[in-house]
Amino acid sequence: GQQLNQSPQSMFIQEGEDVSMNCTSSSIFNTWLWYKQDPGEGPVLLIALYKAGELTSNGRLTAQFGITRKDSFLNISASIPSDVGIYFCAGRRTTDSWGKLQFGAGTQVVVTP
Amino acid sequence: SAVISQKPSRDICQRGTSLTIQCQVDSQVTMMFWYRQQPGQSLTLIATANQGSEATYESGFVIDKFPISRPNLTFSTLTVSNMSPEDSSIYLCSVPQTSNYGYTFGSGTRLTVV
């Protein structure tokens, strides 16, 4: 079953605003991944995090691997219309076999001009 | 990252029939994964497919319902058998990325069972 609590479920923001979303879990993860899914497409990897406390940026995206290894957040700065989509966090627990990811429920981002 | 071609991209099927979904990767990969994404929901791992061995299924998924083939290191199929409307979902294959511990996903197969 789903192990990750992702919030918020949806966000309606104006172009230029920053977006922040997070995932929490009761389990410890050794990898955190953030994906974006556009309609009719598969998820595309945005950022991968491997170490507790790690802060990684990819353009306007910044993500952090929580120090407790049970949470992660993703920030999008200065949003633009193409940021619209569903953002998923995903993690691999230390006890899971290679490749098994737990996914959050997703955050629907809508950007208005 | 590997490039995945998945087909069909979508299909509408009658209940009681079966559909086989194909996943072709442009490079050799040891492990391939099949996920299901129910409408408006997140992704759930169905099974892990290794070449030359039986697929490993997650809790709640069985081989009779979702048989998987992995004939070589670049190809896999997932069959959704004896379909019912509850099987209407997006089915995605995924492979590990070589550059990091992320995973690349195919574009998915959107299945509607009527």
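To find a chain, count down the sequence lines: A is the first, B the second, and so on, and within it residues start at 1.
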**Request:** Output, in order, the C-alpha distance, side-chain angles, deciding distance and verdict of side chain to side chain contact (heavy atoms under 4.5 Å, CB included) for A/Phe103 and B/Leu45.
**Result:** CA-CA 9 Å; A/Phe103 277 83; B/Leu45 181 65; over 6 Å; no
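- Grouping the Ile, Leu, Val, Met, Phe, Trp and Tyr side chains by contacts below 4.5 angstrom, directly or via other members, places B/Phe75 apart from B/Leu78.
- Side-chain heavy atoms closer than 4.5 Å link hydrophobic residues (I, L, V, M, F, W, Y) into clusters, and following such links, even through other members, never connects A/Met21 to A/Ile80.
- Around atom CG of A/Leu55, more than 12 heavy atoms belonging to other residues, nucleotides or ligands sit under 6.0 Å away.
- Clustering ILVMFWY residues whenever any of their side-chain heavy atoms sit less than 4.5 angstrom apart, transitively, puts B/Ile4 in a cluster other than the one holding B/Tyr35.
- Residue A/Gln108: no heavy atom, backbone or side chain, is found under 4.5 Å from chain B.
- Cluster annotation: B/Met83 and B/Ile90 are assigned to distinct hydrophobic clusters (Ile/Leu/Val/Met/Phe/Trp/Tyr, side-chain heavy-atom contacts under 4.5 Å, transitive).
- Residues A/Leu45 and B/Tyr103 have side chains not in contact (no heavy-atom distance under 4.5 Å, counting atoms from C-beta outward).
- No more than 12 heavy-atom neighbours from other residues, nucleotides or ligands sit within 6.0 angstrom of CZ on B/Arg10.
- Rounding to the nearest 0.5 Å places CD of A/Gln37 at 6.0 Å from CG of B/Leu43.
- Heavy atoms closer than 4.5 Å to chain A are found in the side chain of B/Gln37, but not in its backbone.
- Distance CZ/B/Phe33 to NZ/A/Lys100: 11.5 Å, rounded to 0.5 Å.
- B/Ser42 contributes a side-chain N or O that, together with a main-chain N or O of A/Gly104, makes up a donor-acceptor pair within less than 3.5 Å.
- The shortest non-hydrogen separation linking B/Gly102 to A/Tyr35 is C-OH, 4.2 Å.
- Counted within 6.0 Å of CD on B/Glu54, heavy atoms from surrounding residues, nucleotides or ligands total 12 or fewer; the atom is thus considered open.
- Interface remark: B/Leu92 contributes side-chain atoms only to the contact with chain A (heavy atom separation under 4.5 Å).
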